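Letters A, B, ... are given to chains in the order of the sequence lines, protein chains preceding strands, and every chain is numbered from 1. Quick caveat, the model's predicted, so the values are computed rather than measured.
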There are 2 protein chains.
Amino acid sequence: MIGSVKMVTIKDVAKVANVSISTVSRVLNNSGYTSASTKEKVHKAVDELKFQKNMVATAMIKKQTSTLGLIIPDIKNIFYGELTRAIEDEAHKHGFNVILCNTDNDLSKESEYLNFLLRKGIDGIIFSTPEINDRNVREIMKTRPDLPLIILGSQVKDVRLDEVLVDNFEGGYQATKHLLELGHQKVGYIGGQPDSYSTVERYKGYQEALEDYKVKLNNNYVKLDEFKIHSGYNKGLEMLSRKDRPTAIFAGNDAIAVGIYKAARELGLNVPEQLSVIGFDDSQFAEIVDPELTTIRTPISEMGQKTVELIVKIVKEGKNFKETVTFQPTLIERGSTSRVVDVH
Amino acid sequence: MIGSVKMVTIKDVAKVANVSISTVSRVLNNSGYTSASTKEKVHKAVDELKFQKNMVATAMIKKQTSTLGLIIPDIKNIFYGELTRAIEDEAHKHGFNVILCNTDNDLSKESEYLNFLLRKGIDGIIFSTPEINDRNVREIMKTRPDLPLIILGSQVKDVRLDEVLVDNFEGGYQATKHLLELGHQKVGYIGGQPDSYSTVERYKGYQEALEDYKVKLNNNYVKLDEFKIHSGYNKGLEMLSRKDRPTAIFAGNDAIAVGIYKAARELGLNVPEQLSVIGFDDSQFAEIVDPELTTIRTPISEMGQKTVELIVKIVKEGKNFKETVTFQPTLIERGSTSRVVDVH
DNA sequence: CTGAAAGCGCTAACAA
DNA sequence: TTGTTAGCGCTTTCAG
């Protein structure tokens with residue numbers, strides 16, 4: 001930087017106000033005793049000089065930077081866009097900034113970011129959707145057990161830490177049940193990454209619902225890939241090209257559902273007349289597609305907000321136990337699911 | 001924070017390596033001379049202690065934080081999601097982190113963020129899409145003329161600074177021309193915020209194309225609101241409910257186009273048979289809708305990348321002139337536009 | 001109530 | 001080549 005503009009420091013303020021720098025510091029932080037009159041003097045000087053406290057210096061002493069690290073796979077993904085917005089808003093409310101890190105779930109990128117964040121002295125980390133076996137969170141827990149860290153949206157196996165989750169099992173169960181109650185017997189599941197917590201849990205819900213409704217699980221109706229449009233499209237195409245194609249599909253998230261719509265369209269299948277589709281998340285996609293998507297709503301904003309509240313509290317007050325906050329998903333019925341038509 | 005874990009500092013490294021802290025600093029920064037043997041000693045100590053340099057301390061001295069501030073209206077907006085990803089990626093490549101700020105184009109929020117960023121000593125600011133008259137960028141130029149600042153995607157009136165833009169006029173012209181060449185005579189324009197640079201420029205392109213093709217501008221066919229789905233929907237509904245409804249609409253961005261689809265659907269108008277729609281940006285939305293959207297592609301990633309390259313260069317090397325980098329948009333033809341059918 | 005002084009962790013002259 | 005020293009801008013004892 002060509003930092004040519006001389007920075008104004010508390011030293012300058014002190015000079016103008018004709019007091020010592022410690023006094024300036026005191027009134028600035030409202031700490032210790034200061035007479036009303038000196039307070040005035042200082043404030044006047046501050047205004048006059050347009051003084052702004054350098055937070056870097058404060059950070060060095062206090063070991064607090066008022067910044068949070070947010071680790072997500074990809075901000076282009078609409079789900080993380082919504083989540084990130086909620087997080088950033090809430091952080092801002094509490095006087096924190098957030099540093100964004102996109103990892104694409106790449107473990108080495110993840111660890112690079114983590115390192116950087118630690119070196120910068122961030123106050124806490126929000127880790128959205130690490131994989132079930134993420135070694136980086138394991139490591140950081142060892143090396144920096146003191147660091148406020150929250151896992152958002154998933155769980156890491158055999159590790160005890162603060163988590164904010166949606167009840168994925170329940171969501172999967174509800175989604176499948178909804179389809180089943182509409183009379184569908186051939187119900188597919190197209191999920192995301194097999195090593196992702198939500199994929200697995202939603203699948204368990206799917207399984208259990210089938211069981212409860214006495215429908216036999218058919219492995220041809222289960223495909224796992226990624227939480228992306230093209231995955232939904234590819235797997236959808238595969239699944240729907242079968243002679244005994246399913247009449248309904250539970251998509252692991254809304255993006256996958258969008259891909260399924262595309263596949264169905266390509267195969268000349270009408271949603272919902274010939275194919276019912278239910279998504280997960282209730283992201284922006286759900287209301288864009290035609291017909292609008294029936295989906296399981298994840299309370300994204302609420303979860304983001306809660307996460308920040310929690311971490312800020314930990315940063316400020318400390319805490320010596322771990323907790324898991326679970327949000328309940330809800331079924332949002334729209335136009336993409338309908339009663340099965342008997343084609344016999 | 002309950003920072004109970006004792007931080008390891010260069011002092012510790014110095015002790016273990018049996019050298020002075022300045023020597024440690026030298027080998028760490030590869031500055032000055034150091035014998036191979038001491039280098040070894042230091043590195044060994046670093047490894048042994050798992051030492052990580054505290055960047056806060058460095059920042060205080062060097063007045064560089066390796067972090068950039070990114071100011072955008074809303075990360076939920078898919079366009080900014082794509083842009084932000086490109087920016088963050090490129091920043092990371094150069095060893096910078098980015099602090100995300102969502103302002104909703106609210107000037108006072110904007111100024112709050114700006115203040116915060118400055119106090120944190122960020123090295124530069126990327127300001128995406130301030131309004132034409134944004135007073136905050138004006139002010140910051142006065143108070144911190146030394147601060148690397150790039151405007152991305154718009155221009156602020158009467159102010160000379162580094163800008164990265166897409167040629168909005170050209171894009172508007174191309175979009176409109178495309179419709180006109182398809183034989184449409186009644187061509188509408190539904191744009192975003194009237195005080196946004198891109199809305200205005202795209203409108204100018206629209207105007208000029210009409211003129212060149214000898215089509216008279218009809219004010220009933222022009223509506224400005226926001227770059228959002230619901231705006232496209234509302235304005236689309238208004239415009240398409242007219243007896244002399246347009247047969248084609250140029251949407252200020254893809255989100256507006258999505259809204260127009262919805263409106264058309266509601267009115268029983270088929271795209272593209274009864275209504276041609278062209279968008280702007282070529283965001284994810286374009287390929288989701290059915291039919292896929294013909295649109296004007298903004299090279300979002302390239303722009304984000306270029307912006308970071310530029311600002312990093314300025315941060316590192318300084319620069320005493322301002323430049324404007326303009327990217328060219330391109331027409332992407334998909335299924336939402338077609339030759340006008342003569343209904344007479 | 002206020003000031004002097006030490007120091008956060010690191011860098012950068014300046015000596016040696 | 002290496003060590004000593006003086007800070008960066010601020011907070012925080014500790015005297016006064």
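- A side-chain donor from one of B/Asn29 and B/Lys53 sits under 3.5 Å from a side-chain acceptor of the other.
- What separates CZ of B/Arg119 from C1' of D/dC8 is a distance of 17 Å, to the nearest Å.
- At whole-Å resolution of the value, CD1 in B/Ile21 and C1' in C/dG9 are 8 Å apart.
- Computed from coordinates, the B/Leu28 CG to C/dC10 C1' distance equals 10 Å when rounded to whole Å.
- The nucleotide whose nearest atom lies closest to any side-chain atom of B/Lys62 is, among D/dT4, C/dA12, D/dC10, C/dA12.
- Contact annotation: side chain of B/Ser22 to base of D/dT4, donor-acceptor pair present below 3.5 Å.
- The CD1 atom of A/Ile61 sits 10 Å away from the P atom of C/dC8 (whole-angstrom rounding).
- At C/dT11, one or more side-chain N or O atoms of B/Asn29 fall inside 4.0 Å of OP1 or OP2 (strictly under the cut-off).
- A centroid separation of less than 6.0 Å is found between the aromatic rings of B/Tyr113 and A/His92.
- The listed nucleotides are C/dC10, D/dC10, C/dG3; the one nearest the side chain of A/Ile10 is D/dC10.
- In this structure, B/Lys319 satisfies the cation-pi test against B/Phe321, with its NZ or CZ atom closer than 6.0 Å to the six-membered ring centre and inside 45 degrees of the ring normal.
- The side chain of B/Lys63 lies closest to D/dC8, out of D/dT11, C/dG9, D/dC8.
- In this structure, CG of B/Asp12 is placed 13 Å from C1' of C/dC10, rounded to the nearest angstrom.
- Between B/Thr58 and C/dC10, a side-chain N or O to OP1/OP2 separation shorter than 4.0 Å is absent.
- Within the 4.0 Å cut-off from OP1 or OP2 of C/dT11, at least one side-chain nitrogen or oxygen of B/Lys53 is found.
- For B/Thr9, no side-chain nitrogen or oxygen approaches OP1 or OP2 of C/dG9 to under 4.0 Å.
- In this structure, the NZ atom of A/Lys39 is 11 Å from the C1' atom of C/dC1, given to the nearest Å.
- When distances run from any side-chain atom of B/Thr38 to the nucleotides C/dG7, C/dC10, D/dT2, the shortest one goes to D/dT2.
- As judged by a 4.0 angstrom heavy-atom cut-off over every strand, A/Val56 is placed among residues making no nucleic acid contact.
- When rounded to the nearest whole Å, the span between CG of B/Asn18 and P of D/dG3 equals 8 Å.
- Side-chain contact between B/Ile78 and A/Ile78 is present, with heavy atoms from C-beta onward closer than 4.5 Å.
- The residue among B/Thr34 and A/Met55 whose nearest nucleotide of DNA chain D lies closer to the 5′ end is B/Thr34.
- Taking a cutoff of 4.0 Å between a charged side-chain nitrogen and a carboxylate oxygen, B/Glu82 and B/Arg85 do not qualify as a salt bridge.
- Among C/dG3, C/dC8, C/dC1, the nucleotide with an atom closest to any side-chain atom of A/Arg26 is C/dG3.
- Atom P of nucleotide D/dC8 and atom NZ of A/Lys6 are separated by 17 Å, given to the nearest angstrom.
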